[in-house]
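These notes are about the structure you will find just below.
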Amino acid sequence: MKTRVALVALLGSVLFGCGLARSTMVSPEVVLSFLRWRDFGLLLVLGGAVAVALPAYQLAPRWLKAPPFGDQFGRHAARLDRSTLLGSAIFGIGWGLCGVCPGPSIASLGAGNVPTLWALLGIFAGAFVQGWLARPRAGVAAGLSADRTSA
């Protein structure tokens with residue numbers, strides 16, 4: 001079963017990467033041109049992605065009893081809080097500065113755009129720092145303040 005899941009994931013990833021490369025979304029110059037309101041070609045790509053994904057996400061749980069490689073369909077409760085707003089602002093600023101998004105950056109490396117490696121390293125560094133800052137502290141997790149730990 002795990003081999004089958006891995007093969008389907010690999011096939012989906014290759015298809016996704018080919019779609020990104022074909023749509024030129026792996027080129028930071030094209031993305032930056034889109035973000036500067038100079039080229040609206042990527043708007044068609046984004047619209048096409050929504051047109052395919054939205055019905056699939058809405059209809060698959062109704063048509064299938066269970067996901068092809070899982071026990072049940074799950075729901076993720078979305079929260080709009082300070083962390084979400086701050087994280088999305090940082091992501092948007094980074095995307096606007098360099099024109100690189102995590103998925104397309106990996107596909108861009110596959111397409112031979114080696115300078116994108118710098119942006120990808122920045123993405124990994126940012127994810128590491130976020131994980132380090134968000135990790136539970138021993139005293140805080142136990143409900144203890146720094147003053148009461150010695151008592």
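Under a hydrophobic clustering in which Ile, Leu, Val, Met, Phe, Trp and Tyr are joined whenever their side-chain heavy atoms come within less than 4.5 Å, directly or via other members, V100 and V30 fall into different clusters. Following chains of ILVMFWY side-chain contacts shorter than 4.5 Å, one can reach V45 starting from L43, so the two form part of one hydrophobic cluster. W118 is connected to L109 through a chain of hydrophobic side-chain contacts under 4.5 Å among Ile, Leu, Val, Met, Phe, Trp and Tyr, so both are in one cluster. I90 and I123 sit in two unconnected hydrophobic clusters of ILVMFWY residues. Membership requires side-chain heavy atoms under 4.5 Å apart, directly or through other members. Linking Ile, Leu, Val, Met, Phe, Trp and Tyr residues whenever their side-chain heavy atoms come within less than 4.5 Å leaves V26 and L120 in two separate clusters.
Side-chain contact between W95 and V31 is present, with at least one heavy-atom pair separated by less than 4.5 Å. The shortest distance between side-chain heavy atoms of L80 and L85 falls below 4.5 Å. At a threshold of 4.5 Å between non-hydrogen side-chain atoms, the residues C101 and F91 count as touching.
The list of salt bridge (charged side-chain N to carboxylate O under 4.0 Å, His left out) pairs with a residue in residues 38-65, not counting sequence neighbours, is empty.
Other members of the cluster containing V14 are L10, with ILVMFWY side chains joined at under 4.5 Å, either directly or via other members.
Going from atom CD of Q130 over to atom CG of L86 covers 10.0 Å, rounded to the nearest 0.5 Å. L32 CG to C98 SG: the interatomic distance, rounded to the nearest 0.5 Å, is 7.5 Å. Distance check, rounded to the nearest 0.5 Å: CZ of F124 to CG of L117 gives 9.5 Å. Taken to the nearest 0.5 Å, the CG atom of L46 stands 12.5 Å off from the CZ atom of F40.
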- request: Go through the steps to decide whether L42 and M25 satisfy the test side-chain contact (heavy atoms from CB on, under 4.5 Å), and finish with yes or no.
  value: CA-CA 7 Å; L42 291 184; M25 202 164 174; 4.2 Å; yes

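Between N113 and the options S27, P104, P28, a side chain to side chain contact (heavy atoms under 4.5 Å, CB included) holds for only P28.
For S13 (side chain) and A9 (main-chain N/O), a donor-acceptor pair under 3.5 Å exists by modelled atom type. Side chain of T84 to backbone of R79: a donor-acceptor contact under 3.5 angstrom is found.
Listed here is the closest heavy atom pair of A56 and P61: O-CD, 4.2 Å.
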